[in-house]
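Take a look at the structure below.
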Amino acid sequence: MITKRMEKAINAQINKEFYSAYLYLAMSAYCNKLGMSGCEHWFRIQYDEEVIHMTKLFDYIMQHGGEARLLKIDEPPADFGSILGAFEASQKHERFVTESINELLNVSVEEKDHATQVFLQWFITEQVEEEANVKEIVDRLKMIGDNGAALMMIDDKLSQRLPPAPVTAQA
Ligand code: FEO
């Protein structure tokens, strides 16, 4: 059974993961508008990742006797200025989510909630991967600048991103 404080903190994280999904769907639509189908695909897969994050938290609350709450989701931006701008916004957002997960872990330690500490390890590892993935793309986009042919090559590489493997709340 999780405490009310822990429940409230996880419900707030569910909302952030939903917003992340919204944000990546908006980025996907932005790339579609620019005709960058590989980037569009990459962000669409990222949307799928965020839905998995949200679902894991949602299921976890209910499996531990808590009440999952769906809070209001903010509207994401529709214009990111450029492809690089979209990935930089993604990088900034992932750093924010990492801080939020770390704070969630702090709450679980303060609440002496060992089960939630173990559960959150998956998210800690996931955030390292998420930040590394987007950093690599931002670095490459900065390197190529206005080189259209190189941009097309990156777009083609991003089109090959595979969908996430299905996971459960216990995975
Ligand atoms: Fe759910 Fe991209 O963090």
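Numbering of ligands and ligand atoms starts at 1, following listing order.
Using a 4.0 Å cut-off between charged side-chain N and carboxylate O, Arg140 and Glu136 make a salt bridge. Between Lys56 and Glu126, none of the side-chain N atoms (NZ, or NE/NH1/NH2) sits under 4.0 Å from a carboxylate O, so this pair counts as no salt bridge.
Side chains of Glu131 and Gln127: a donor-acceptor N/O pair is absent below 3.5 angstrom, by distance only.
Qualifying ring pair (Phe, Tyr, Trp, His ring centres under 6.0 Å) partners for Phe58, counting only residues two or more places apart in sequence or in other chains: none. Residues that satisfy the side-chain hydrogen bond (donor to acceptor under 3.5 Å, both in side chains) test with Ser37, not counting sequence neighbours, are absent from this structure. Legend: residues meeting salt bridge (charged side-chain N to carboxylate O under 4.0 Å, His left out) with Arg95, ordered by chain and number and at least two apart, are absent.
With waters left out, the protein N, O or S atoms under 2.8 Å from atom 2 (Fe) of ligand 1 add up to 4.
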